[in-house]
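Structure first, commentary second.
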Amino acid sequence: MNQTGKFLSLFCISFFLTAFLDDFPEDENKILVLQNCVLCHSESLVSQQEMKREEWDTTLLWMENKHKLKFESKETRKKILDYLTSYFGPKKEAEYPFLMGRRPVNPLPF
Ligand code: HEC
């Protein structure tokens with residue numbers, strides 16, 4: 001295989017790999033979140049949040065009022081809210097990957 005062929009196959013492989021790697025856990029409502037939320041921003045902007053249900057609700061309102069996001073129906077909105085709350089809710093202390101607990105606040109004055 002020549003240089004271009006190698007480059008092209010590498011490109012295709014990485015393209016397919018990234019296409020299947022996303023931050024959203026599989027669920028029947030996942031597709032709704034993908035359809036509604038990644039049009040304007042990256043999925044990581046959504047998946048890196050850790051919010052309570054009310055906070056997600058406010059975020060959806062914000063997207064609706066400020067960015068003119070329209071949901072197909074009330075039902076869709078509720079399903080998206082359910083999805084976001086169950087997978088991107090606030091983490092419990094034990095879920096943080098630091099064995100020693102949270103990193104202490106820097107005590108130095110700089
Ligand atoms: C029409 C475009 C649009 C759609 C659709 C949209 N958003 Fe956004 N979203 C934005 C923009 C623009 C920002 C950047 C913040 C701003 O300027 O208000 C943003 C920011 C965010 C943020 C970051 C808020 C922060 O604290 O910085 C979250 C979380 C978010 N969106 C969630 C969602 C979710 C969940 C959905 C799907 C239900 C969604 N968005 C759909 C336009 C959109």
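Just so you know, ligand 1 is whichever comes first in the structure, and atom 1 is the first atom listed for that ligand. Fair warning: this is a prediction, and the values are worked out from it, not measured in the lab.
- Using a 4.0 Å cut-off between a side-chain N of Lys or Arg and a carboxylate O of Asp or Glu, Lys52 and Asp57 do not qualify as a salt bridge.
- Side chain to side chain, Tyr83 and Asp27 fail the donor-acceptor criterion of an N or O pair below 3.5 Å.
- Contacts between Leu60 and ligand 1 below 4.0 angstrom, taking non-hydrogen atoms only, involve the side chain exclusively.
- Close approach to Thr59 involves these atoms of ligand 1, each under 4.0 Å from a residue heavy atom: 28 (C), 29 (C), 30 (C), 32 (C).
- Closest approach of Glu64 and Phe71 over heavy atoms only: OE2-CD1, 3.2 Å.
- Taking backbone and side-chain atoms together, His41 has an N/O/S atom less than 2.8 Å away from atom 8 (Fe) of ligand 1.
- Each of the atoms 5 (C), 37 (C), 41 (C) of ligand 1 lies under 4.0 Å from some heavy atom of Asn36.
- Side-chain N/O atoms of Thr76 and Ser73 include a donor and acceptor closer than 3.5 Å.
- Gln49 places no side-chain N or O within 3.5 Å of a backbone atom of Phe88 that could act as its donor or acceptor partner.
- Not a single heavy atom of Lys68 sits closer than 4.0 Å to an atom of ligand 1.
- Numbered from 1 in the order shown, with element, the atoms of ligand 1 that lie under 4.0 Å from a heavy atom of Leu69 read 5 (C), 37 (C), 38 (C), 41 (C).
- Here the heavy atom of the protein found nearest to atom 22 (C) of ligand 1 is Leu45 CD2, 3.6 Å.
- With ligand atoms numbered from 1 in the order given, ligand 1 contributes 35 (C) to contacts under 4.0 Å with heavy atoms of Leu84.
- At least one N/O/S atom of Met63, whether from backbone or side chain, sits less than 2.8 Å from atom 8 (Fe) of ligand 1.
- When the heavy atoms of Lys66, Glu64, Met51 are ranked by distance to atom 17 (O) of ligand 1, first place goes to Lys66.
- Nearest to atom 16 (C) of ligand 1 by heavy atom, out of Glu43, His67, Glu55, is His67.
- Taking any N or O of Trp62, backbone or side chain, at least one lies under 3.5 Å from an N or O belonging to ligand 1.
- Closest heavy-atom approach to atom 35 (C) of ligand 1 within the set Ser47, Ser42, Cys40, Cys37: this belongs to Cys37.
- Within the 4.5 Å cutoff, the side chain of Leu32 has heavy atoms near those of the Gln35 side chain.
- The shortest N/O to N/O separation between Gln49 and ligand 1 does not fall below 3.5 Å.
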